[in-house]
Amino acid sequence: MDWVPFDTPLEKHPNKALITYMARQFDIEPVLMHHLFIHGINNSEKVSRFLFPTIDDFHDPFLMNDMKKAIIRIIKALIKKEKIFIYGDYDVDGMTATAILYKALKKFKADVQYRLPLRSEGYGLSPKAMEKVPEDTTLIITVDNGSSAHPAMEVAKRRGMDVIVTDHHEVLGPHPDCYAFINPKRHDNTYPFPHLAGAGVALKVVQALFMAGKIPWDKHVYEFIEFATLGTIADLMPLKGENRIICKLGLQKMNYTPTPVLKKLFEMLRIKYVDSSTISFQIGPIFNSSGRIGDPNQAVDILVNPLCAKADLYSLITLNKKRQQMTKEQFQRIEEQIIQNQWYKQNVIVVCDDFHSGIIGLIAAKIANKFKKPAIVISLTGAGSARSVNTTDFSIINVIKKCSHFLTKYGGHRAAAGFSIKLDFDHIHAFKEAIQLAALDEPPLNPKLKYISTIPLHQFPMHIFDDLSALEPFGMSFPKPLFYCSPLVIKQFQVFGKNNEHLKLTTNDKEAIAFFKGAMANKLQQQSLAEFLYTPHCPMKKDFLIHDLRFIQ
């Protein structure tokens, strides 16, 4: 993987005077202001809105197509005491979107219940699921799904039920034939920000409902914004625009007055400070585990119950540990096959094996990360999951769309996709061949890691940790800045983890962790000169995270 500077070094930058002026103005380290500048936050007004967003910065939810129509229908259902049914999705975004809408409707005394499908039932509102909706239901609201649920809409019409679809996925075909279709990815979208998560769209529906009821939104938004933050970060949405406002305010709420369920979870995990990394690597996976190898409805039960017991949360934590072990074992098995069969030479690594269908996305991501090739993983149930390579323009959904005649259904976006396929050896083989050809139309793979500045680790200014906290949240479209450490003699290092799979370097009392690079310790013993890309990690421990490591001959 290539390492390249993000931009002209600040010392030689044509806008150095402006960047350093804004750094003084906002009391932020110039190198971090340079990072903001690169990401389009290039004047004082933009910096101010970026650092200090408020609820007033939210867009009007009624700018979204069909929002007014949907809210009028929901109000009618509330007045007439109709039975409302929320149908969600089995990932964190779907869980939190369900919890947001359910909690809000309950505040309006709605007769409402929810259901999320098990992973084995497949994604989205299916005709079979629609048939199971209670007979006396008159209004169904989907969250984080429904844009392509055309057969299910036919069943709803036959059963005399109105459906409001709220979703955020790409609309790959015609709009669903439903009562109202709320999705900022609509072909005729009128909303200013098209990148909301499913939980973000649910939050906008709730905002519109409060506005229509003339209830002060600013007094109630904080009852829902933590869940929207959790869904947005866990679903890898770009952290810019309205997503950033949601997540910035949501993280502040989590750190100062977390909702009871999250407060209990933070205490159990001994989390003292919550940032985007905490959500991505600790909280998100715990809730996701129930959707991968358990029942996602139990996770929503926990989220909407203000009196949830620690035992319920402990069951989720235990389930996530089981999921981690399964993922590790199944990835190791397929990794050996990929190397033995030289499948890494393919344009797209396509593997089919006895995987648990709930973790095929995680395995695809691990394969793509390890071999720097797009990956497609198919389980023996016919479920498939695909991942592109980070920091490239290769679109995995484009490739899959060209081979969609092999599939029973599919969906996704540039970086990730899912599908179902008939499980027949010849059929799978033909699909693999077609995928290799379709991949030739995509831009060549040339993954790059971009760093903002060269700062040897032992010289890193520790006050930057505080400035970085002010720039949270980091994530898609706004990564945490990487720094380049020029060749350095590594005298202190150690391996750690259950199987010594991780590496820790120490220089001038500064600790840097390299996850899954424990095998490099042997080289360090023979050759101590190394260069690496790193980023500040935990603001409490003041340690660092190594993203890539090379040895100097």
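With a 6.0 Å radius and a threshold of 12 heavy atoms from other residues, nucleotides or ligands, Asn390 has its CG atom at or below the threshold. Counting non-hydrogen atoms of other residues, nucleotides and ligands closer than 6.0 Å to CG of Asp393 gives a total of 12 or fewer. Taking a 6.0 Å sphere around CZ of Phe496, one finds it holds more than 12 heavy atoms contributed by other residues, nucleotides or ligands. Within a 6.0 Å radius of CG in Asp509, other residues, nucleotides and ligands contribute 12 heavy atoms or fewer. The 12-atom threshold is not exceeded at NZ of Lys128, counting heavy atoms of other residues, nucleotides or ligands nearer than 6.0 Å.
Thr259 contributes no side-chain N or O that, together with a main-chain N or O of Val261, makes up a donor-acceptor pair within less than 3.5 Å. Judged by distance alone, with hydrogens and angles left aside, the side-chain atoms of Asp543 form no donor-acceptor pair with the main-chain N or O of Ile513 at under 3.5 Å. Lys272 places no side-chain N or O within 3.5 Å of a backbone atom of Met540 that could act as its donor or acceptor partner. Judged purely by atom type and a 3.5 angstrom limit, Thr142 uses its side chain to pair as donor or acceptor with the backbone of Asn145. At least one donor-acceptor pair closer than 3.5 Å links the side chain of Asn183 to the backbone N or O of His169. Proximity of a side-chain donor or acceptor of Gln330 to a complementary backbone N or O of Ile363 within less than 3.5 Å is not detected. With hydrogens and angles ignored, the 3.5 Å screen pairs a side-chain donor or acceptor of Asp167 with a backbone N or O of Ser147. Remark: side-chain polar atoms of Asn341 are not paired, donor with acceptor, to backbone N or O of Trp343 under 3.5 angstrom. When atom types are taken as modelled, the side chain of Ser385 and the backbone of Gly418 share no donor-acceptor pair closer than 3.5 angstrom. Side chain of Arg550 to main chain of Ala530: no donor-acceptor pair is present (N/O by atom type, distance under 3.5 Å, no hydrogens or angles).
Using a 4.5 Å cut-off on side-chain heavy atoms (C-beta onward), Ile286 and Leu313 make no contact. A 4.5 Å side-chain heavy-atom check between Pro374 and Val399 finds every atom pair outside the cut-off. Counting only heavy atoms from C-beta outward, the side chains of Tyr410 and Ile397 approach each other to under 4.5 Å. Residues Leu101 and Tyr114 form no side-chain contact, since every pair of their non-hydrogen atoms from C-beta on lies 4.5 Å or further apart. With contacts defined as side-chain heavy-atom distances shorter than 4.5 Å, the pair Val274/Leu251 qualifies. The shortest side-chain heavy-atom distance between Thr507 and Gln492 does not fall under the 4.5 Å cut-off. Put simply, the side chain of Leu239 does not reach to within 4.5 Å of the side chain of Ser477, judged on heavy atoms. Contact annotation: the side chain of Arg323 approaches that of Leu362 to within less than 4.5 Å [non-hydrogen atoms, C-beta and beyond].
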Exercise answer: donor-acceptor pairs, residues 447-458 side-chain atoms, under 3.5 Å, sequence neighbours excluded:
none

Could you pull out every donor-acceptor pair under 3.5 Å between side chains of residues 427-436 and any protein atom, sequence neighbours left out?
| residue | atom | partner | partner atom | Å |
| --- | --- | --- | --- | --- |
| His427 | NE2 | Phe406 | O | 2.8 |
| Gln436 | OE1 | Asn347 | N | 2.9 |
| Gln436 | OE1 | Val348 | N | 3.1 |
| Gln436 | NE2 | Val348 | O | 2.8 |

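The minimum heavy-atom distance between Met95 and Ala299, with the atom names listed, is SD-CB, 3.6 Å. Of all non-hydrogen atoms in Thr96 and Ala199, the two that sit nearest each other are OG1-CB, 3.5 Å. Minimum interatomic distance between Glu472 and Ser276 (heavy atoms only, all atoms of both residues): OE1-OG, 2.7 Å. The shortest heavy-atom contact between Ala521 and Leu503 is CB-CD1, 4.1 Å. Heavy atoms only, all atoms of each residue included: Tyr87 and Pro117 are closest at OH-CB, 3.3 Å.
Side-chain contact annotation: Ser315 with Asp312, donor-acceptor N/O pair under 3.5 Å absent.
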For Glu336 and Gln332, run side chain to side chain donor-acceptor pair (under 3.5 Å): C-alpha distance rounded to whole Å, both residues' side-chain angles, the deciding distance at 0.1 Å, then the answer.
CA-CA 6 Å; Glu336 289 171 8; Gln332 284 177 343; over 6 Å; no
Going through the distances and angles, do Glu511 and Lys541 end up as a side-chain contact (heavy atoms from CB on, under 4.5 Å)?
CA-CA 9 Å; Glu511 288 188 350; Lys541 294 179 182 176; over 6 Å; no
Phe287 vs Asn320, test: side-chain contact (heavy atoms from CB on, under 4.5 Å). Steps then yes/no.
CA-CA 8 Å; Phe287 283 100; Asn320 187 48; over 6 Å; no
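In this structure His537 satisfies the ring pair (Phe, Tyr, Trp, His ring centres under 6.0 Å) test with no other residue, sequence neighbours excluded. For Asp353, the salt bridge (charged side-chain N to carboxylate O under 4.0 Å, His left out) test picks out Arg333, with sequence neighbours left out.
Residues Phe544 and Phe465 place their aromatic rings such that the two centres sit under 6.0 Å apart. The aromatic ring centres of Phe516 and His502 sit less than 6.0 Å apart.
In this structure, Lys409 NZ and Ser126 OG are separated by 7.0 Å, a value rounded to the nearest 0.5 Å. Atoms CE and CZ, from Met268 and Phe266 in turn, are 12.5 Å apart once rounded to the nearest 0.5 Å.
Looking at Lys401 and Glu170, no side-chain N of the basic residue comes within less than 4.0 Å of a carboxylate O on the acidic one, giving no salt bridge.
Within the structure, side chain to side chain donor-acceptor pair (under 3.5 Å) pairs that include any residue of residues 362-375 comprise Glu335-Lys370, Asn369-Lys372 (at least two apart or interchain). Listed by first then second residue, pairs satisfying side chain to side chain donor-acceptor pair (under 3.5 Å) with a partner in residues 283-293 number zero, not counting sequence neighbours.
Relative orientation of the Phe474 and His35 rings is tilted, given thresholds of 30° and 60° on the angle between their planes.
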